[in-house]
Engineer: 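Below is one structure. I have some questions about it.
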Amino acid sequence: VKALTHALNEKRLHHAYLFTGTRGVGKTTIARILAKSLNCETGVSATPCGHCSACQEIDGGRFVDLLEVDAATNTRVEEMRQLLENAIYAPTRGRYKVYVIDEVHMLSTSAFNAMLKTLEEPPEHVKFILATTDPQKIPVTVLSRCLQFNLKQMPIPAIVEHLTRILGAEEIPFEPDALMALARSAGGSMRDALSLLDQGIAHGAGRLDAAQVRDMLGTVDVSYLWDILDALVAKDGVSMLEKAREMETRSLSFANALQELALLLTQLQLAQLAGGSLGGGVDEQRLKPLLGALSPEFVQLAYQIVTQGRQELASAPDEFSGFAMVLMRLLAFYPLSDGAVSPVSRQAQVPVSASRAPVISAPATKVVDQKPAVQPPKEGEGVWHEVVNGLNLTGMARELAHHCNLVSRENGRCVLRLAPEHKHLLFKPALDKLQQALNAYWKEPLVLQVEQAEVEQMTPAQAVQQQQQARHDQAVAAIESDAFVRDAIETFDASLVDASIKPLN
């Protein structure tokens, strides 16, 4: 828009323009606007009046000097030559004779060659506006003689805004969620969005209702997905499957459900790590409780599980089985607060000694009752560890607190120490959230200062890592001391895969 505006206002006009982009993004519309700008009776400018006879005739498709050609039905060289023979004659009605050739990539090689001569030495009164969805098929000799503009897909908010304006002018009642569903289904094409809008109005008998639009499109009511995420946080696999059964009963698309679920996880991650801005038409009241319930690390894993599950849906026994397995995979990988496996995984584990099949490595084992021998923190460490455990932090702010030591807290100033290898955690939003949490914990305003130096005391992160390592070592020892495992190792010359061993508690 900026380039075309400057060219028109400064009268620096090129003889050929090429608009590229997918369907329904405005290629032909912009070509007609450009034709009006060139032939408006008020003069060449970026703001045609829209009221003069030239503008009105162009809008009505009856302007004699605007020749619109569909290259898909006029591909032969004879047709192109006949069209261009009249280019040498001055325009009859307007200032310029404008040729708009749609889907120009459909022309034959001979037709391109015929047009090339006119593009090389065009008369002053001729302007070419070419439009295509596939510019790769246009010869470079033609491309090099055009100003090329790539029109991007329409963003969802822009589609919603335009549909809202249309419905307001038509005085048709609608629900905002219905427009959001239409905009997503349009795939960036305004033409598709308008077609779906007409269909939605007919389906709703003169109004746009969100539930009816979802039924028409076969999309999923997002409330099902909220309920599934809530059941995931509650570790309730039965409720997750019940929701999946309800969706199957309504013949909803599980592929679309996984797409919508990936969108919700994306919005959740953006809210956690990118300044807390939700947007995107997501219900903030349903999403906000999940911000603290789902860790940013698990959200990343869940997004990968959902998107991968959508790709695998075609190879599943049926769509319901594929969707159900994605839900169970989310539940199986849902972490406990101490980083252990999920309760479902724990219930499903069988002690190694109970199996009589030959074993090379063991995925998990029970840990003996006594606690790992972790050195207790020093006095200064214990204070900071207790503080960190009392802070309600997530994401980068939580990681920053866990990798720091408390140096001092006096005179309204809190000084922490962070090892240089973790300096990437010094992210301003994380610092601000940590300072707010400390102010709330100690009930006094504090100025937070983080110095970069080697830590002299054990950080909370190191303490957790040491405890996990001790639990892992005990699990390995328990596996190695199992009589059946020892027999398998001696009989088959087997070895344990250390990384595959995980403690159960």
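Note that these values count all heavy atoms, side chains included, but never hydrogens, waters or copies made by symmetry.
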Engineer: Between Arg184 and Ile156, which heavy-atom pair has the shortest distance, and what is it?
Structural biologist: CG-CD1, 3.6 Å
Engineer: Look only at the side chain of Lys243 and the backbone of Leu225, and say whether a donor-acceptor pair between them is shorter than 3.5 Å.
Structural biologist: no
Engineer: If we ignore hydrogens and angles and just use 3.5 Å, is the side chain of His203 paired with the main-chain N or O of Gln199 as donor and acceptor?
Structural biologist: no
Engineer: Charged N to carboxylate O below 4.0 Å: is that the case for Glu248 and Arg245?
Structural biologist: yes
Engineer: Do Lys27 and Leu151 touch side chain to side chain, with heavy atoms closer than 4.5 Å?
Structural biologist: yes
Engineer: Between CG of Leu179 and NE2 of His162, what distance do you get to the nearest 0.5 Å?
Structural biologist: 12.0 Å
Engineer: Could Glu41 and Arg93 be called an ion pair, given the rule that one side-chain N must be under 4.0 Å from one carboxylate O?
Structural biologist: yes
Engineer: Considering only heavy atoms from C-beta outward, does the side chain of Arg95 approach that of Leu38 to under 4.5 Å?
Structural biologist: no
Engineer: Would one find more than 12 heavy atoms of other residues, nucleotides or ligands at under 6.0 Å from atom CZ of Arg165?
Structural biologist: yes
Engineer: Tell me, do Leu4 and Ile30 make a side-chain contact under 4.5 Å, heavy atoms counted?
Structural biologist: yes
Engineer: Roughly how far, to the nearest 0.5 Å, is CG of Leu229 from OH of Tyr224?
Structural biologist: 15.5 Å
Engineer: Using a 4.5 Å cut-off on heavy atoms from C-beta on, say whether the side chain of Gln272 contacts that of Thr394.
Structural biologist: no
Engineer: Can a salt bridge be assigned to the pair Arg32 and Asp59 using a cut-off of 4.0 Å between side-chain N and carboxylate O?
Structural biologist: no
Engineer: Tell me, do Tyr334 and Leu301 make a side-chain contact under 4.5 Å, heavy atoms counted?
Structural biologist: no
Engineer: Do Gln269 and Leu273 come within less than 4.5 Å of each other through their side chains, counting heavy atoms only?
Structural biologist: yes
Engineer: Would you find more than 12 non-hydrogen atoms of other residues, nucleotides or ligands less than 6.0 Å from Asn150 atom CG?
Structural biologist: yes
Engineer: What's the shortest heavy-atom distance between Glu85 and Ile88, and which atoms?
Structural biologist: O-CG1, 3.5 Å
Engineer: Nearest 0.5 Å, what's the OG-CD1 distance between Ser239 and Ile228?
Structural biologist: 10.5 Å
Engineer: Passes salt bridge (charged side-chain N to carboxylate O under 4.0 Å, His left out), Glu121 versus Arg145? Steps please.
Structural biologist: CA-CA 10 Å; Glu121 301 174 1; Arg145 288 168 172 81; over 6 Å; no
Engineer: Which atom pair, heavy atoms only, marks the closest approach of Ser37 to Pro48?
Structural biologist: OG-CD, 3.4 Å
Engineer: Is Val326 close to Phe254 at the side-chain level, that is, under 4.5 Å between some pair of heavy atoms?
Structural biologist: no
Engineer: Among Asp65, Asn39, Val126, find the one that has a side-chain contact (heavy atoms from CB on, under 4.5 Å) with Val98.
Structural biologist: Asn39
Engineer: When rounded to the nearest 0.5 angstrom, what is the spacing between CG in Leu313 and CZ in Phe323?
Structural biologist: 9.0 Å
Engineer: From Leu265 CG over to Gln304 CD, what is the distance, rounded to the nearest 0.5 angstrom?
Structural biologist: 12.0 Å
Engineer: Are His125 and Pro123 packed together at the side-chain level, in the sense that at least one heavy-atom pair is separated by less than 4.5 angstrom?
Structural biologist: yes
Engineer: Could you grab the distance from atom CG of Asn256 to atom CE of Met247, nearest 0.5 Å is fine?
Structural biologist: 8.5 Å
Engineer: For residues Ala437 and Leu393, report the shortest heavy-atom separation together with the two atoms involved.
Structural biologist: CB-CD2, 3.7 Å
Engineer: Please name the pair of heavy atoms, one in Cys40 and one in Cys55, separated by the smallest distance, quoted to 0.1 Å.
Structural biologist: SG-SG, 3.8 Å
Engineer: Kindly indicate, with the supporting measurements, whether the criterion side-chain hydrogen bond (donor to acceptor under 3.5 Å, both in side chains) is fulfilled by Thr133 and Glu103.
Structural biologist: CA-CA 7 Å; Thr133 56; Glu103 298 300 341; 3.3 Å; yes
Engineer: Ignoring hydrogens and geometry, is there a side-chain-to-backbone donor-acceptor pair from Thr459 to Cys404 under 3.5 Å?
Structural biologist: no
Engineer: Is it true that a side-chain atom of Asp209 and a backbone atom of Gly204 form a donor plus acceptor pair closer than 3.5 Å?
Structural biologist: no
Engineer: Does Arg62 reach the main-chain N or O of Ile58 with its side chain, forming a donor-acceptor pair under 3.5 Å?
Structural biologist: no
Engineer: Check whether Ser321 reaches the backbone of Pro317 with its side chain - one donor and one acceptor, N or O, closer than 3.5 Å.
Structural biologist: no
Engineer: Which heavy atom of Ile172 sits nearest a heavy atom of Arg207, and at what distance?
Structural biologist: CG2-CA, 4.2 Å
Engineer: Is the backbone of Leu119 close enough, under 3.5 Å, to the side chain of His15 for a donor and an acceptor to pair up by distance?
Structural biologist: yes
Engineer: Do Tyr17 and Phe128 have ring centroids that are under 6.0 Å from one another?
Structural biologist: no
Engineer: Please determine whether side chain to side chain contact (heavy atoms under 4.5 Å, CB included) holds for the pair Ile101 and Glu68, giving the CA-CA distance in whole Å, both sets of side-chain angles, and the decisive distance to 0.1 Å.
Structural biologist: CA-CA 6 Å; Ile101 304 179; Glu68 296 192 29; over 6 Å; no
Engineer: With no hydrogens and no angle check, is any side-chain donor or acceptor of Asn439 less than 3.5 Å from a backbone partner on Leu446?
Structural biologist: yes
Engineer: Distance-only, no hydrogens or angles: does the Lys97 side chain make a donor-acceptor pair with backbone N or O of Asn86 under 3.5 Å?
Structural biologist: yes
Engineer: Taking Arg417 for its side chain and Val455 for its backbone only, find out whether a donor-acceptor pair lies under 3.5 Å.
Structural biologist: no
Engineer: Is the count of non-hydrogen atoms from other residues, nucleotides or ligands lying under 6.0 Å from Lys428 atom NZ greater than 12?
Structural biologist: no
